[in-house]
Amino acid sequence: MVPSVADGANQKLRCCNVDVTVLRRQETLADGDSVWVRQCCTRKPDSLQCTLLRIIEQPQCEILMATNHSFTGSDDTADEAVRSTCDDATVCKRFAVSMNYWKDPYIQYFIKQPNERKAPEINRGYYARVKAVNILLDAFIKKTNCNCQVMNLGAGLDTTFWRLKDQNLLPKKYFEVDFPMIVMRKIHLIKTKPPLSKPIIETNSSSSLLIDGSNMDSVHYAIIGQDLRDLPMLTERLKKFGLDTKLPTLLLAECVLVYITPEKSTELIKWASTTFHTAMFVNYEQVNMTDRFGRVMIENLQRRQCNLAGVDSCQTLETQ
């Protein structure tokens with residue numbers, strides 16, 4: 001049981017030779033709902049192993065979110081900065097949709113309409129990104145007559161599953177992988193928004209819908225909370241949720257690899273090339289990072305303690 005703590009308080013105590021930190025604070029979810037979160041972190045002395053327990057308090061229910069992971073303060077701060085870019089992308093997409101660059105009736109359930117206008121360059125950039133990825137993805141699915149699987153790496157709050165469902169283009173299985181904290185948010189929004197949950201239930205046949213902490217699994221759609229840098233664990237969890245390495249597979253990474261080191265990116269791409277019988281890797285990434293636009297973007301991210309670990313490989317097409 002998590003101890004009760006005053007609003008906004010950060011309480012430290014010691015129990016059975018284990019340090020316990022309890023924090024209660026108010027957070028705003030992506031859809032604008034305001035909730036209280038109790039966060040309990042237990043750490044044994046001289047150990048980097050930390051158990052993090054988060055409980056989202058709601059009037060009629062509590063959603064328990066627990067993860068065990070090893071980390072250092074600096075690494076966790078860097079990962080948190082990367083996780084925050086998920087909202088940045090979703091906000092920009094939501095605004096572009098509101099300006100009729102493309103249609104997406106589902107993005108409204110993941111993020112509020114931004115108050116400030118986005119520059120035309122931002123809207124056009126996201127239009128090019130969405131259009132290019134959709135053309136390649138749809139062509140792959142049609143070529144295989146939907147007898148394939150798609151793996152969206154670092155998917156964030158992406159709405160592609162619902163678009164494919166509406167257009168009768170669902171692959172045999174659609175996987176999404178992202179940080180556990182992002183996945184838990186997405187699953188919460190799916191559970192509480194009928195326009196998001198109904199299409200999943202409709203495609204679930206007679207099988208049960210599994211929601212287990214930072215994972216969700218159904219017949220055609222799985223969301224997995226997993227760090228892409230841990231390939232053995234990634235492989236294990238994908239297989240647990242029905243990955244078929246013999247099926248034609250499209251792997252999609254939209255502005256993801258730039259956030260991890262070139263060494264880890266190389267390992268990920270090599271894993272994709274050796275794991276599947278037939279695979280296509282679609283990578284949408286930054287380039288020309290030394291021009292004015294690129295320098296401003298890097299400076300803005302650095303101010304938020306978000307360093308692009310793979311930026312040196314994105315200087316030109318040749319370096320990529």
Side-chain angles (χ1 to χ4, degrees), residues 28-33 80-138 141 150-167 169-170 174-179 181-190 192-193 195-197 199-200 216 221 223 228 250-259 282-287 293-294 296-298 300-301 304 306 308 314:
T28 301
L29 298 176
D31 60 354
D33 292 342
E80 179 58 36
V82 172
R83 288 191 288 266
S84 70
T85 64
C86 167
D87 281 347
D88 296 340
T90 309
V91 166
C92 290
K93 288 182 177 180
R94 174 74 195 270
F95 184 80
V97 167
S98 73
M99 299 298 290
N100 296 316
Y101 278 82
W102 71 91
K103 296 186 183 300
D104 185 345
Y106 298 100
I107 198 168
Q108 61 183 308
Y109 303 112
F110 287 107
I111 205 79
K112 294 190 299 182
Q113 176 66 20
N115 294 324
E116 72 281 0
R117 293 179 62 86
K118 301 299 179 182
E121 294 85 352
I122 300 296
N123 296 327
R124 294 168 185 169
Y126 273 95
Y127 170 80
R129 170 177 169 175
V130 170
K131 190 70 173 178
V133 168
N134 287 351
I135 288 174
L136 295 172
L137 175 59
D138 293 1
I141 293 174
V150 174
M151 193 182 305
N152 194 335
L153 306 174
L157 302 178
D158 188 76
T159 60
T160 298
F161 167 82
W162 290 272
R163 179 185 70 82
L164 295 175
K165 165 70 167 55
D166 288 347
Q167 297 178 2
L169 285 175
L170 274 183
Y174 186 90
F175 296 91
E176 290 184 351
V177 183
D178 212 320
F179 284 114
M181 296 305 295
I182 291 177
V183 167
M184 286 187 286
R185 282 181 55 200
K186 189 166 191 175
I187 292 174
H188 169 72
L189 292 169
I190 290 172
T192 56
K193 306 293 182 182
L196 297 177
S197 58
I200 299 174
M216 185 193 81
Y221 187 25
I223 312 177
L228 295 174
L250 183 141
L251 298 98
L252 171 62
E254 290 187 53
C255 299
V256 173
L257 301 187
V258 72
Y259 292 104
V282 176
N283 181 39
Y284 188 95
E285 203 60 85
Q286 291 95 331
V287 73
F293 188 92
V296 170
M297 184 183 74
I298 291 174
N300 288 338
L301 289 171
R304 296 161 54 185
C306 182
L308 301 178
C314 295

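No hydrogens, no waters, no symmetry mates; every other heavy atom, side chains included, goes into these values.
Looking only at distances, no side-chain donor or acceptor of Lys118 sits under 3.5 Å from a matching main-chain atom of Phe95. The backbone N or O of Val183 lies less than 3.5 Å from no partner atom in the side chain of Asp178, so there is not a single donor-acceptor pair.
For the pair Glu176/Thr160, no side-chain contact is recorded, criterion being any heavy-atom separation below 4.5 Å from C-beta on. At a threshold of 4.5 Å between non-hydrogen side-chain atoms, the residues Leu157 and Asp87 count as touching. Taking 4.5 Å as the limit, every side-chain heavy atom of Phe161 sits out of range of all side-chain heavy atoms of Asn152. Between Tyr174 and Met151 the shortest side-chain heavy-atom distance does not fall below 4.5 Å. Contact check for Leu164 versus Val150: no side-chain heavy atoms found under the 4.5 Å cut-off.
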> Going through the checks in order, is the side-chain contact (heavy atoms from CB on, under 4.5 Å) test met by Ile190 and Ile223?
Replying inline: CA-CA 11 Å; Ile190 290 172; Ile223 312 177; 3.7 Å; yes

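The environment of OH in Tyr127 is sparse: at most 12 heavy-atom neighbours from other residues, nucleotides or ligands sit within 6.0 Å.
If you take CE on Met99 and CD1 on Ile122, they are separated by 13.5 Å, rounding to the nearest 0.5 Å. For the atom pair CG (Asp88) and CD1 (Ile111), the distance works out to 9.0 Å, reported to the nearest 0.5 Å. Separating the CG atom in Leu257 from the CG atom in Leu153 is a distance of 8.0 Å, to the nearest 0.5 Å.
Qualifying side-chain contact (heavy atoms from CB on, under 4.5 Å) partners for Pro195, counting only residues two or more places apart in sequence or in other chains: Tyr109, Lys193. Every residue meeting the side-chain hydrogen bond (donor to acceptor under 3.5 Å, both in side chains) condition with Ser98, not counting sequence neighbours, appears here in chain and number order: Gln113. Evaluation of the side-chain contact (heavy atoms from CB on, under 4.5 Å) rule for Val282 yields Leu136, Leu250, Leu252, Met280 as partners, not counting sequence neighbours. Phe175 meets the ring pair (Phe, Tyr, Trp, His ring centres under 6.0 Å) test with no other residue; sequence neighbours excluded. Asn123 pairs by the side-chain hydrogen bond (donor to acceptor under 3.5 Å, both in side chains) definition with nothing, not counting sequence neighbours.
Applying the salt bridge (Lys or Arg N to Asp or Glu O under 4.0 Å) test to residues at least two apart or on different chains, the pairs with a partner in residues 121-134 are Arg129-Glu254. Within the structure, salt bridge (Lys or Arg N to Asp or Glu O under 4.0 Å) pairs that include any residue of residues 150-166 comprise Lys93-Asp158, Asp138-Arg163, Lys165-Glu202 (at least two apart or interchain).
What you find for Asn283 and Glu285 is that their closest heavy atoms are OD1-OE1, 3.6 Å. In terms of heavy atoms, Tyr126 sits closest to Cys92 at CE1-CB, 3.3 Å. Between Gln108 and Pro105, the closest heavy-atom pair is NE2-O, 2.8 Å.
Phe110 and Trp162 have their aromatic ring centers within a separation under 6.0 angstrom.
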